[in-house]
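Down below is the structure, laid out as structure tokens.
Throughout, numbering of the chain's residues begins at 1 and tracks the sequence. Read the numbers this way: they start at 1 and go in the same order the structure lists the ligands and their atoms.
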Amino acid sequence: MDSSKYKMWLQYEICTVEQVNVQYQSLLRNVVIKGNDPIIFSAKDELQRAVKGMLDHELSWTENVQEANFVIGNINEVADFLKEEQRQLLTDLTEEGYIVQTSNQKTYIVGNTDKGVLYGVHHFIRLMQINSDLSQLQIVEQPKNQFRMINQWDNLDGTVERGYSGQSIFYQNGKIVKDKKRIRDYARYLSSVGINAISINNVNVWEEETYFITNKYLAEIKAIADIFSAYAIRLYLSINFASPMAIDGLSTADPLNKEVKQWWKEKVAEIYEYIPDFGGFVVKADSEHRPGPFTYNRDHADGANMLAEALEPYDGKVVWRCFVYNCLQDWRDRATDRARAAYDHFKPLDGRFHENVLLQIKNGPMDFQVREPVSPLLGAMPQTNQLVEFQVAQEYTGQQIDLCYLIPQWKQVLDFDTHIKGTGSTISEIVAGNIHAYKYSGIAAVSNIGDDENWTGHTLAQANLYGYGRLIWDPSLSSQEIAEEWISQTFGNQKEVVEKIGSMLLSSWTIYENYTAPLGVGWMVTPGIHYGPNIDGYEYSRWGTYHFADREGIGVDRTIETGTGYTDQYEEPNRSIYNILSECPDELLLFFHHVPYKYTLKNGETVIQHIYNTHFKGYEQVEDLMDSWNSLESLMDNDRFKNVQDRFRRQKINAKEWRDQINSYFYRKSGIADQYNRTIY
Ligand SMILES: CO[C@H]1[C@H](O)[C@@H](O)[C@H](O)O[C@@H]1C(=O)O
């Protein structure tokens with residue numbers, strides 16, 4: 001396969017619609033771009049590539065704004081050429097904001113800063129790729145979220161934790177890669193959807209990666225940081241909390257110890273000498289056997305604040321993960337509930353964190369399952385900056401073998417109303433900093449890319465990365481709008497292609513949920529790898545992920561009266577909605593309640609019949625997805641067609657396995673037959 005074909009959504013295929021082509025040529029006759037920052041060069045390079053590809057034409061640049069009919073620059077560079085009302089529009093926007101406007105027969109792309117310029121240019125190119133009419137533009141834009149971050153879980157040996165797209169593009173065989181072309185392309189893709197921060201190593205920081213913050217690696221890391229900087233993306237590193245011991249043999253990593261504090265201060269100073277715009281640290285501490293402050297009887301505020309103090313003089317941040325729970329549980333112990341853990345650990349610490357600390361909280365209380373309620377910790381700490389964490393990598397949602405377009409799931413999270421400060425306290429407004437007075441906040445996610453030629457294993461999984469960026473820039477975009485934008489840019493604008501792939505993407509999450517773990521109970525996956533069914537795989541292990549199915553019923557009682565009390569972590573009315581069996585939404589029923597198999601859902605089916613129905617249906621829906629895809633063969637190139645066709649073959653095998661294992665297991669447990677007498681093995 002020719003990897004140059006895989007340009008993700010920045011395809012820049014020749015524009016064959018004559019009228020559109022003519023319009024674009026005439027708009028881009030004489031272009032000026034002002035400024036000398038590397039970000040401006042990135043914007044210029046991108047526009048050049050786009051025009052070359054789509055219009056088969058080398059841009060002619062001019063230095064003279066008067067003469068130009070297409071003007072690009074930041075407000076300071078081009079203010080004199082704008083109308084008063086345009087200047088005013090920009091004044092009301094943040095530093096990343098921009099306008100793309102037609103006035104006096106000229107096109108203007110003007111940002112408040114060079115970052116805004118780059119985003120504006122990407123916006124314009126996106127419109128070109130979807131063949132929009134660009135003759136009368138009145139665009140005014142800024143991102144809803146301040147932090148728009150991506151986390152790589154890449155290891156120096158070249159593996160990617162929970163990576164389903166090959167090896168790392170950053171590291172190979174214990175070394176940082178020399179050829180950085182793919183890293184640069186990645187920076188282009190990320191900036192095209194507005195990502196502005198990246199952490200480049202796994203949150204599980206192993207032995208050698210601990211040294212990333214030393215002179216052994218900092219020069220090479222600086223080279224990567226510079227690539228991202230030129231695309232307005234700040235680089236972060238995941239760190240090992242026990243670094244002072246591992247690197248310099250200190251006897252402790254106690255965050256209140258003077259020498260430890262001093263060690264971090266000097267370390268941070270050294271990092272900033274190499275990388276003056278270094279973003280800061282991402283920290284997984286006291287989680288899944290990683291070191292942390294608990295060892296020294298300190299809490300997570302002590303741990304985070306020590307790092308925050310060191311980073312403060314440089315405007316650096318601490319992104320502190322809240323994925324902290326007891327991973328050595330006993331299944332007999334019904335009082336410990338992993339779902340409670342993040343809230344129980346962190347809520348009492350509200351107000352104790354320095355203002356350059358952001359807590360990063362997974363969207364659900366467990367771990368990126370196909371269906372979970374929203375984490376009650378989000379919004380529950382008015383005095384502590386927060387980021388919500390999504391997982392673009394499909395660890396529990398098909399691993400980029402099965403199709404699962406996750407934008408609808410993330411939208412549900414963002415639209416969830418916590419009622420923390422009355423109606424309208426949605427996650428979207430909370431992480432945008434509009435509910436509590438956060439200094440910093442936003443969204444982070446685990447990336448899904450690797451060195452596979454198509455970047456994401458499954459070509460259609462690119463839509464999740466694209467969609468993540470677009471959604472967190474503007475959460476009011478619909479899942480469908482995002483899908484269609486992505487399809488047009490990736491596969492072209494043919495109506496049949498856009499409609500068919502669009503409806504495949506939009507139905508895929510429900511389909512995946514249909515044939516996997518039912519009604520919000522989660523897990524039931526093969527331990528370790530997390531792909532494919534194993535209903536009791538985690539049922540007796542230590543990870544705290546149980547479904548408690550027996551011959552009478554299934555589900556986890558998390559109510560206040562008879563269960564773990566987890567529901568009490570929500571504000572009203574959510575607390576009652578989840579706590580009262582008859583109020584609980586079907587899709588989360590087994591997350592919150594243990595019910596008999598014959599319990600009747602709101603949709604009128606019994607739990608057991610619902611399990612059978614959705615599992616038979618889910619498999620049939622995968623067959624339909626396959627048919628839809630096969631009907632597109634003549635409308636695209638063979639490589640991408642075959643890649644996705646092959647993925648559907650594998651998805652079908654997986655769906656069948658899930659269907660049969662789940663149906664047989666619950667038939668055997670419950671002794672209740674399928675009302676339609678379908679085949680159960
Ligand atoms: C990086 O470790 C991951 C781990 O692979 C994943 O299976 C777990 O559920 O979540 C962890 C985390 O989010 O820290």
Name of the residue among Gln462, Glu453, His458, Gln400 meeting side chain to side chain donor-acceptor pair (under 3.5 Å) with Ser165: Gln400
If you compare Arg162, Glu288, Lys284 by their heavy atoms, the one closest to atom 14 (O) of ligand 1 turns out to be Lys284
If we count only N and O atoms by modelled type, under 3.5 Å, do the side chains of Asn534 and Thr526 hold a donor and an acceptor together? no
Between Gln651 and Tyr515, is any side-chain donor less than 3.5 angstrom from a side-chain acceptor? yes
Could you check whether any heavy atom of Glu395 sits closer than 4.0 Å to an atom of ligand 1, since that is the contact criterion I want to use?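 It does; at least one heavy atom falls under 4.0 Å.
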Starting from atom 5 (O) of ligand 1, which protein heavy atom do you reach first, and at what distance in Å?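 Protein heavy atom with the smallest distance to atom 5 (O) of ligand 1: Glu161 OE2, 2.4 Å.
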Any idea which protein heavy atom is nearest atom 9 (O) of ligand 1, and the distance to it?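 In this structure, atom 9 (O) of ligand 1 has Asp367 OD2, 2.0 Å as its nearest protein heavy atom.
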How does Phe368 reach ligand 1, if at all, at less than 4.0 Å between non-hydrogen atoms: by side chain, backbone, both, or neither?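 The answer is neither; Phe368 stays 4.0 Å or more away.
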Purely on distance, is any nitrogen or oxygen of [X] under 3.5 Å from one on ligand 1?
{"X": "Asn204", "result": "yes"}
{"X": "Asn202", "result": "no"}
{"X": "Glu389", "result": "no"}

Enumerate the salt bridge (Lys or Arg N to Asp or Glu O under 4.0 Å) contacts for residues 152-165, please, sequence neighbours excluded, ordered by first and then second residue. Arg162-Glu395
Got a salt bridge between Asp451 and Arg182, using NZ or NE/NH1/NH2 to carboxylate O under 4.0 Å? no
Need the ligand 1 atom indices (1-based, order shown) with element for anything under 4.0 Å from a heavy-atom of [X].
{"X": "Lys362", "answer": "10 (O), 11 (C), 12 (C), 13 (O)"}
{"X": "Val203", "answer": "1 (C), 14 (O)"}
{"X": "His530", "answer": "7 (O)"}

Could you give all pairs that pass the ring-ring contact (aromatic ring centres under 6.0 Å, His included) test and reach residues 366-408, with sequence neighbours left out?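 Pairs touching residues 366-408 that pass the test: Phe390-Trp410, Tyr396-Trp523, Tyr396-His530.
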Charged tip of Lys362 within 45° of Phe323 ring normal and under 6.0 Å: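 Yes, Lys362 and Phe323 form such a contact.
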